[in-house]
Amino acid sequence: MHVLVLNCGSSSLKAALIHSVSGKRVRHAQVERIGDGATLSVDALESTKVDATDHSSALTLVLALFAADSVQAVGHRVVHGGAAFTRPTAIDDDVEQGIEAVSGLAPLHNPANLAGIRAARAALPNVPHVAVFDTAFHATLPRRARTYALPFALAESDAFRRYGFHGPSHSFVAKRAAESLEEDIRDLRIISCHLGNGASACAVEYGRSVDVSMGLTPLEGLVMGTRSGDMDPGLVLQLVREYGVDRVDTLLNRESGLAGLSGVGGDLRDVEAAAENGDDRAGLAIAVAAHRLRKYIASFAAVMGGVDVVVFTGGIGENSGAMRHRALQRMEFMGIRLDETANRTARASAGEPVVSLHRMNSRVRVLAVHTDEEQAIAQAALRVMNRADQAEGETIPVAISARHVHLSQAHVEALFGVGSTLTPEVELTQPGQFACKERVSLVGSRGRIDKVRVIGPARGRTQVEVARTDEFKLGVDAPVRMSGDLDNTPGLTLEGPEGSVDLESGVICSQRHIHMTPADAERFGVSHKDVVEVALDTDGRDLVFGDVVVRVKDSYALEMHVDTDEGNAAELVRGVHGVLSTTGRVASIRRRDDRFDPTESPS
Ligand code: ADP
């Protein structure tokens, strides 16, 4: 089965047939100059003249070549999702209207994208259609990064904020980079530089976009083929006074950038060739573009408090050793050491999608990564379909995990006598775990709690899990942590019938979490360590819990755990189920030390 990926411009339609499992591109077709001497090229072969007066007739031509009955889903590239669309979304009439409603933000792109959506929904009415937005990956930008310093009412308006673009590419290459390094993307700070005809840099902190060089429109940021990128807004005003808005629009979008400065066009290959032949303007164009890129790389490292990986992608990023060299020279102070010899000729390609460019002693890894936006869109469409098919209406059982203690075998013996082992009394939902007959007392500086359950089997390290109310009673101040994450936690004294143990550390207030199997995670469309929201519908005390960590393991049983305080706050009784929110706001990935940002109120 295949996913059809459609990317429609105002007078063009690009279509790719992507194999659902292998991700391979089976066929590709492109219709250009729709409505005015249209041409069709298939699999990059020479183009032929065709009769295509609109997107609908162009699509009919393409589908005739594409074995349309093998199409399982259609993924549509949509440039602007505005504030409304923060993740790939299954298209129905409402979504179509929603895309239309934000079209004012991308007047050159969204109407064309919509024309493609309408034509494809009419031609393939029985398969799901999914909109994949350029802006969606950047929905996680913190408020400080997405806000322009305008008068507040304007700054807060969705019409005047940073959105960022190239989302599918940035997220695709960031994942590809992490995979090739065999590291978890949630542990990496990645600067992704997508350098094609359009270009943007993105700070991907632990899997989330936290800053991006493009803004409300794709004009801000880096120097591009024909776009200026950043400049003094005062300069724009001067230009407008002199030439008028429409002229300046064309000037900044189509006549600036590498093309404008060099005079030899916006293709970097031509600019580099001219510069090598001593053309001063071409040399200046390259120097200005590289200088801007260096500034973004260094500033995004500052934004993330460091950088672990720099990724170059897009036609320039994948191929131009000279641009990569200029962007990263004299960056040793940041721990970036480029392998100049390897870099000079290195190219990323479909055949060799990831190429290492750093020296052995470079703290920061530098990679050229081949991007594949069509594959990224196909993957996103499939994920949406799987989620819609399987997880719709499915709920998660919620259980209260009352205060309890896990003991090491040494502490079992210290508390209950030499040679003692734990005695199972009740089996718990998570396979292999049991509540024990044994009880202990917790003794803190302010008070004690008796008859606290021990949960078996014995573990490598003793851990005490209490609720906030318990902490007040005991006089301990424990952090909210996941089980097993015990560094820098407080201790207390455990008392048993045969002795006591002074713990130096190990007391936590358990972070709410969901246990699930890999199959559950697939159905819900989440991954290990994702942070999600779960809505509980209880008797008069409905509550939506945020900051719920997903824990995935083969041996787990699907269940969410909250502590007694949380359970009481929601009036939780046995048998309550929660609903995993799939609004996109929530399935974000955050690391614990990234969660609290004193400079910003949650938004
Ligand atoms: P788009 O943004 O349209 O998808 P691409 O990602 O294909 O564009 O990138 C096009 C840019 O990549 C052009 O500026 C082109 O000059 C540049 N490029 C492609 N190959 C090379 C190369 N070998 N050396 C330098 N630049 C290259």
Side-chain angles (χ1 to χ4, degrees), residues 5-16 25 28 30 32 41 44 77 79 106 108-109 112 132 134 164-170 172-173 176 192-202 212-214 217-229 253-277 279 282-283 285-290 292-293 311-327 342-353 355 357 368-377:
V5 174
L6 283 184
N7 181 358
C8 291
S10 55
S11 63
S12 68
L13 180 148
K14 285 187 205 161
R25 187 204 300 210
H28 186 264
Q30 186 161 349
E32 282 173 304
S41 71
R77 180 187 184 201
V79 167
L108 297 179
H109 296 102
V132 180
D134 258 48
F165 299 86
H166 288 141
S169 177
H170 287 304
F172 183 83
V173 296
R176 201 170 229 188
S192 162
C193 307
H194 176 111
L195 313 175
N197 288 313
S200 68
C202 179
V212 59
S213 60
M214 281 180 171
T217 74
L219 185 53
E220 191 182 350
L222 301 175
V223 176
M224 305 175 221
T226 63
R227 282 173 247 168
S228 63
N253 276 298
R254 300 187 195 282
E255 298 170 10
S256 297
L258 293 174
L261 280 176
S262 72
V264 298
D267 189 314
L268 183 69
R269 280 167 295 200
D270 300 335
V271 185
E272 285 182 346
E276 261 168 47
N277 288 330
D279 183 323
I286 293 171
V288 173
R292 182 86 48 84
L293 180 57
V311 172
F312 289 98
T313 192
I316 296 172
E318 292 170 30
N319 293 296
S320 175
M323 182 58 80
R324 295 185 301 241
H325 157 79
R326 282 171 176 270
N343 174 61
R344 208 162 293 138
T345 51
R347 287 167 198 275
S349 62
E352 196 181 355
V355 184
L357 304 172
V369 179
H370 178 60
T371 191
D372 188 337
E373 285 165 295
E374 286 161 351
Q375 199 185 329
I377 290 172

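Ligands are counted one by one from 1 in listed order, and the atoms in each one are counted from 1 as well. Hydrogens, waters and symmetry mates play no part in the numbers below; they use all other heavy atoms, side chains included.
- Under the 4.0 angstrom criterion for non-hydrogen atoms, Gly266 is in contact with ligand 1.
- Distance screen at 4.0 Å: atom 23 (N) of ligand 1 has a protein heavy-atom neighbour inside the cut-off.
- The side chain to side chain contact (heavy atoms under 4.5 Å, CB included) test with Glu272 is passed by exactly one of Asp267, Ile286, Asn277: Ile286.
- A donor atom on one side chain and an acceptor atom on the other are not found under 3.5 Å apart for Asn253 and Arg227.
- Of all atoms in ligand 1, listed by their number and element, those nearer than 4.0 Å to a heavy atom of Ser320 are 25 (C).
- Of the candidates Asp267, Thr313, Leu258, Leu195, it is Asp267 that places a heavy atom closest to atom 16 (O) of ligand 1.
- Taking each heavy atom of Gly196 and Ile316 in turn, the nearest pair found is O-CD1, 3.8 Å.
- For atom 11 (C) of ligand 1, the nearest protein heavy atom (residue, atom name, distance) is Ile316 CG1, 3.8 Å.
- Between Arg25 and Glu374, at least one side-chain nitrogen of the basic residue sits less than 4.0 Å from a carboxylate oxygen of the acidic one, meeting the salt-bridge criterion.
- Here the heavy atom of the protein found nearest to atom 14 (O) of ligand 1 is Leu268 N, 3.3 Å.
- The only member of His194, Glu318, His370, Arg176 that meets side chain to side chain donor-acceptor pair (under 3.5 Å) when paired with Thr313 is Glu318.
- The nearest heavy-atom contact from the protein to atom 21 (C) of ligand 1 is Asn319 CB, 3.5 Å.
- Taking all atoms of both residues into account, the shortest heavy-atom contact from Asp134 to Pro168 is CA-CD, 3.7 Å.
- Atom 18 (N) of ligand 1 has as its closest protein heavy atom Gly315 O, 3.5 Å.
- For atom 13 (C) of ligand 1, the closest non-hydrogen atom of the protein is Asn197 OD1, 3.7 Å.
- The closest approach between a heavy atom of Arg347 and any atom of ligand 1 is below 4.0 Å.
- Looking only at heavy atoms of the protein, atom 4 (O) of ligand 1 is closest to Glu373 OE1, 4.8 Å.
- At a threshold of 4.5 Å between non-hydrogen side-chain atoms, the residues Met224 and Met214 count as touching.
- Of all non-hydrogen atoms in Val223 and Leu258, the two that sit nearest each other are CG1-N, 4.0 Å.
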*Test His166 against Ser200 for side chain to side chain donor-acceptor pair (under 3.5 Å), laying out the working first.*
CA-CA 7 Å; His166 288 141; Ser200 68; 2.9 Å; yes
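- For ligand 1, the atoms closer than 4.0 angstrom to any heavy atom of Gly198 are 2 (O).
- Listed by number with element, the atoms of ligand 1 under 4.0 Å from a non-hydrogen atom of Gly314 are 6 (O).
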